[in-house]
Amino acid sequence: MAYQIDTYLKDFSSYIESAGVTSFYAEMLTVFINAFIFILLLAFLDKLLKKVIVEVFKVFSNKTKTSFDDFLILTNFPRYVGHIIPLAIFKWFFTELLVEYPTTLYWLLKVFDLYVILLILKIIRSLLRTSRDYFQTKEQFHDKPLQSYLQVTMLFLWGIGVFFFILEVFDQNAMDFVLQLGAASAVILLIFKDTILGFVASIQVSINDIVRIGDWITFSKYGADGTVTEINLATVKVQNWDMTYTTIPTYSLISDSFQNWRGMQESSGRRIKRAVYIKQNSVRFLTEDDLKELKRIQLVAPYIEHMEKEVVRSNRRHEVDQSIAINGLNQTNLGVFRKYIDAYLYENPAINKDLFLMVRHLPPTSQGIPIEVFCFSNDKRWENYEHIQADIFDHIIAAVPFFNLEIFEEPSSKDITSFLTQQQDLNG
């Protein structure tokens with residue numbers, strides 16, 4: 001084949017010389033004309049092969065059950081593969097065509113090698129993207145940061161690609177270049193500091209399972225409060241509940257503190273922790289008439305009756321003077337109210353009784369005595385959770401007056417005006 005091409009080129013050059021062109025220019029025209037014609041034919045062959053290979057892939061993918069080959073088409077894998085045959089023909093032909101021009105052939109082959117390196121990187125990238133898209137269709141990989149893995153791998157491959165690029169361009173020995181690279185490592189570390197931090201953080205986040213795609217996180221430092229939609233080498237993308245997006249540096253997930261709500265989402269309930277503030281001067285001991293009235297409240301009646309027996313038994317044992325309520329053991333309206341809330345929560349079907357449930361006093365404040373509800377709702381969905389919590393405290397707030405208690409509230413301007421008006425009326 002090489003002999004036939006050589007004979008063809010000589011005949012083509014002789015034909016041009018017969019038209020009165022000198023030998024030097026005849027050889028030059030022979031090279032340029034044949035190179036131009038060959039490149040046109042090669043471009044046509046390249047397009048034809050790409051189209052044929054793509055169509056063959058489509059036919060093949062339609063007959064297979066797996067979707068992996070479908071993603072290969074979407075990431076242009078067949079198109080990249082289609083370049084291989086034209087490139088092989090290109091190198092073979094120009095090696096024969098430019099045999100008399102070694103310098104030109106040398107630089108052409110150098111450019112050819114650089115393009116081959118780039119093509120190999122594109123083929124590998126296509127395979128990696130195909131793998132990422134394919135695994136994202138699998139349920140067990142939905143919460144994995146596949147994009148981050150892809151970026152880490154591609155960063156490594158691009159580094160290798162640049163390494164070979166430099167070796168090819170400058171004709172350097174690989175060992176010499178590695179030694180020079182080691183000397184410049186401090187500068188490289190400084191330039192790529194964020195990338196290296198992101199690379200390390202991405203690995204730690206994945207290995208330690210700190211954050212997954214789909215997790216609800218709260219990161220006050222960056223104003224993020226929503227669902228993680230993407231984890232890559234440099235940033236974590238969070239869709240906030242107001243439908244805005246916040247990007248967080250990946251390395252901040254291991255250097256700063258944030259809240260991940262995954263534990264709540266995977267548990268059997270969502271915590272309710274809220275308090276009502278009772279005015280301290282509304283708290284008092286209960287009289288027999290008060291107790292008789294409160295027994296009409298069904299949820300708390302068994303507790304009152306049980307405590308009445310305990311009070312009588314204790315006071316008799318200690319011979320307490322019951323003419324003063326502070327002596328001995330007596331029930332208070334706040335204590336009965338607290339037990340009422342406790343009974344109400346145990347009767348509420350929206351509350352998970354298998355998880356921790358408690359109603360407690362907190363230390364008194366300038367706003368009153370906090371009575372805190374600590375329990376877990378069965379429904380963890382945000383909207384339903386808020387409805388359950390609202391229903392509970394609607395009921396608690398409405399129940400307060402039945403126990404002759406008052407909820408603390410800062411006086412408004414209207415309250416102050418009303419007070420001053422009353423004082424003026426009293427002073428005549």
Provide the full list of salt bridge (charged side-chain N to carboxylate O under 4.0 Å, His left out) pairs with a residue in residues 248-259, sequence neighbours left out, each pair given once.
->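 For residues 248-259, and leaving out neighbouring residues, the salt bridge (charged side-chain N to carboxylate O under 4.0 Å, His left out) pairs sorted by first residue read Lys221-Asp256.
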Is there a side-chain contact between [X] and [Y] (heavy atoms, below 4.5 Å)?
X	Y	answer
Leu45	Leu49	yes
Val373	Lys273	no
Leu357	Tyr346	yes
Phe112	Leu87	yes
Glu347	Leu299	yes
Val211	Ile231	yes

Give a yes or no answer on whether the side chain of [X] reaches the backbone of [Y] with a donor-acceptor pair at less than 3.5 Å.
X	Y	answer
Ser131	Leu127	yes
Asn378	Pro349	yes
Gln280	Thr365	yes
Asp290	Thr287	yes
Thr244	Asn240	no
Ser252	Pro249	yes
Asp379	Tyr385	no
Asn327	Val320	no
Thr250	Thr235	yes
Ser267	Gly269	yes

With sequence neighbours left out, write down each residue that passes salt bridge (Lys or Arg N to Asp or Glu O under 4.0 Å) with [X], or none if nothing qualifies.
X	value
Arg360	Glu372
Asp391	none
Arg313	Glu310

Is the shortest side-chain N to carboxylate O distance from Glu305 to Lys292 below 4.0 Å?
->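 No, Glu305 and Lys292 are not salt-bridged.
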Electrostatic pair Glu386-Arg381, nearest N-O below 4.0 angstrom |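 The answer is no: the pair does not qualify as a salt bridge.
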Verify whether one side chain among Asn260 and Asp215 offers a donor that lies under 3.5 Å from an acceptor in the other.
->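 The criterion, which ignores hydrogens and geometry beyond distance, is satisfied for Asp215 and Asn260.
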Partner residues of Trp241 under the ring-ring contact (aromatic ring centres under 6.0 Å, His included) criterion, sequence neighbours left out =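 Once residues adjacent in sequence are excluded, the partners of Trp241 under the ring-ring contact (aromatic ring centres under 6.0 Å, His included) criterion are Trp216, Trp382.
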For the [atom1] atom on [X], are there more than 12 heavy atoms of other groups (residues, nucleotides or ligands in this structure) within a distance under 6.0 Å?
X	atom1	result
Lys353	NZ	yes
Arg79	CZ	no
Leu40	CG	yes

Has Arg271 got its NZ or CZ under 6.0 Å from the middle of the six-membered ring of Phe376, at an angle within 45 degrees of the ring axis?
->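 No - Arg271 does not lie over the ring of Phe376 by the 6.0 Å and 45° rule.
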Run through Val336, Leu334, Asn330 and flag the one making a side-chain contact (heavy atoms from CB on, under 4.5 Å) with Thr332.
->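 With Thr332 as partner, side-chain contact (heavy atoms from CB on, under 4.5 Å) holds for just one option, Leu334.
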Please step through salt bridge (Lys or Arg N to Asp or Glu O under 4.0 Å) for the pair Glu293 and Arg296, ending with a clear verdict.
-> CA-CA 6 Å; Glu293 182 65 25; Arg296 296 172 57 192; 2.8 Å; yes
Determine whether the aromatic ring centres of Phe408 and Tyr277 lie less than 6.0 Å apart.
->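 Ring centroids of Phe408 and Tyr277 are no less than 6.0 Å from each other.
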Quick one: ring-ring contact (aromatic ring centres under 6.0 Å, His included) pairs with a partner in residues 312-345, sequence neighbours left out?
->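 For residues 312-345: Phe337-Phe403, Tyr340-His395, Tyr340-Phe403, Tyr344-His395.
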